[in-house]
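Just so we're on the same page: letters track the sequence lines, and every chain starts at 1.
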Number of protein chains: 2
Amino acid sequence: MENLTTIGKLAKAQGVRAATLRYYEQMGLVPATRRTAAGYRVYGEDAARRLHFIRRAQALGFSLEEIAELLNLSDRPHASAGEVKKITRRKIAEIETRVRDLERMKRALMQIEHRCSGHGSTAKCPILAALGEDRS
Amino acid sequence: MENLTTIGKLAKAQGVRAATLRYYEQMGLVPATRRTAAGYRVYGEDAARRLHFIRRAQALGFSLEEIAELLNLSDRPHASAGEVKKITRRKIAEIETRVRDLERMKRALMQIEHRCSGHGSTAKCPILAALGEDRS
DNA sequence: CTTGACCTTCAAGCTGACTTCAAGGTTTAA
DNA sequence: TTAAACCTTGAAGTCAGCTTGAAGGTCAAG
């Protein structure tokens, strides 16, 4: 089954507002859908997957513009392979940097947690030290 | 040496604007500094470390409010250990989720990169599949 | 001892990502 | 068949996180 749905149902299912979906469409994040005779938007389940991706990526700190760029990568499967590859590698590198920074922050937080259990001494500001080295 | 400096120098050194530093002070992200007789702000190097942390944390997608919360953890070393511990654990869990999501996104990008080298077939939309499972 | 590069505050303006509102047309359930 | 619950567009409002501008005080170099 194709599982067609209206904007309101898709929105509710994904925990966003219908207005947000229209906004994403306007911003080019989701393609303009086909419409009913009355002009109502009609969504298939690919729309749900796409929307889900957008929300998760956002939670990871990507801007809508960056997300559009990521989605573009998979939308144009073989278009200008060289460029796609370049962007992809850049994104991968960005992600690796983020992960490293997050791991450092995590270690700092674990130190704080440990210290707060009474085991640590006055070792000061592990969190500030966390992202202290090397420039982005 | 204590390495005291003015707002302009600190700002330039960290690649932000002086106005941004004033804004952070206003928002409570950096404590109000002492001033010269003329009312000029005077910064020590702790300010530089703090600022550096703020910028990196921002790049990781934390809001200023969240960053303030993180900084508070290290500012009040032993204040209400129970609460600090709770917040710390929550932040650690959040970070772990983020890292997992980023790793998934990275794997998807690597598939795209691979596919674009001509090795892959029409395996479609690895990026959409990337964050497709389990809810945040 | 003045000129230009700083610093001060306060207020208004801008961008991204929505949200809300107004004024309507459509669908559906009683 | 009509009222509630949808949908449409367009435009304005909101919040975070700055940026810019105005109007003025301070400091360092020549």
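- Stacking of A:R17 on the aromatic ring of A:Y23 is not recorded, the 6.0 Å distance cut-off and the 45° axial limit not both being met.
- Heavy atoms of A:S63 sit under 4.0 angstrom from primed sugar atoms or phosphate atoms, though from no base atom.
- Between A:Y43 atom OH and D:dT8 atom C1' the separation is 12 Å, expressed in whole Å.
- You'll find the side chain of B:I95 stays beyond 4.5 Å of the side chain of B:L60, heavy atoms only.
- Counting only heavy atoms from C-beta outward, the side chains of B:L51 and B:Y24 approach each other to under 4.5 Å.
- Phosphate proximity of D:dC7 to A:T6: present, with a side-chain N or O under 4.0 Å from OP1 or OP2.
- Summarising the local packing, CD of B:E96 is surrounded by more than 12 heavy atoms from other residues, nucleotides or ligands at distances under 6.0 Å.
- Atoms CZ (A:R35) and P (C:dT27) sit 13 Å apart, rounded to a whole Å.
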So which protein nitrogen or oxygen atoms get under 3.5 Å of nucleotides 22-26 of chain C's nitrogens or oxygens?
unit_1 : atom_1 : unit_2 : atom_2 : d
C:dG25 : N2     : A:Y40  : OH     : 2.5
C:dT26 : O4'    : A:Y40  : OH     : 3.1

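- The distance from atom CG of A:L4 to atom C1' of C:dT27 is 17 Å, rounded to the nearest whole Å.
- Phosphate contact (OP1/OP2 of D:dT26, side-chain N/O of B:R41, threshold under 4.0 Å): absent.
- DNA chain D is contacted by both B:A19 and B:L64; B:L64 maps to the nucleotide lying nearer its 5′ end (nearest heavy atom per residue).
- As a whole-Å value, the separation of B:K9 NZ from C:dC7 C1' is 12 Å.
- Side-chain nitrogen and oxygen atoms of B:Q26 include none within less than 4.0 Å of the OP1 or OP2 phosphate oxygen of C:dC10.
- A cation-pi arrangement, defined by a distance under 6.0 Å to the six-membered ring centre and an angle within 45 degrees of its axis, is present between A:R98 and A:F62.
- Within the nucleic acid shown, A:R22 comes within 4.0 Å of at least one base atom, counting heavy atoms only.
- We find that CG of A:L51 is positioned 10 Å from P of C:dC18, with the value rounded to whole Å.
- The side chain of B:Y24 places an N or O atom within less than 4.0 Å of a non-bridging phosphate oxygen (OP1 or OP2) of D:dC18.
- You'll find the side chain of B:R22 reaches within 4.5 Å of the side chain of B:R41, heavy atoms only.
- Side-chain nitrogen and oxygen atoms of B:R17 include none within less than 4.0 Å of the OP1 or OP2 phosphate oxygen of D:dG17.
- Phosphate proximity of C:dC18 to A:Q58: present, with a side-chain N or O under 4.0 Å from OP1 or OP2.
- One interatomic measurement links the two molecules: CD1 of A:I7 to C1' of D:dT9, which rounds to 12 Å at whole-angstrom precision.
- Atom CG in B:L21 sits about 15 Å away from atom P in C:dC6, given to the nearest Å.
- For the atom pair B:I67 CD1 and B:E69 CD, the distance stands at 11.0 Å (nearest 0.5 Å).
- When the C1' atom of C:dA17 is taken as reference, atom CZ of A:F62 falls 17 Å away, rounded to whole Å.
- Nearest-nucleotide positions on DNA chain C place B:G39 closer to the 5' end than the other of B:G39 and A:R55.
- Residue-to-nucleotide proximity on DNA chain C shows that, of A:T20 and B:K12, the 5′-proximal contact is made by B:K12.
- Atom NZ of A:K12 and atom NZ of A:K9 lie 10.5 Å apart (nearest 0.5 Å).
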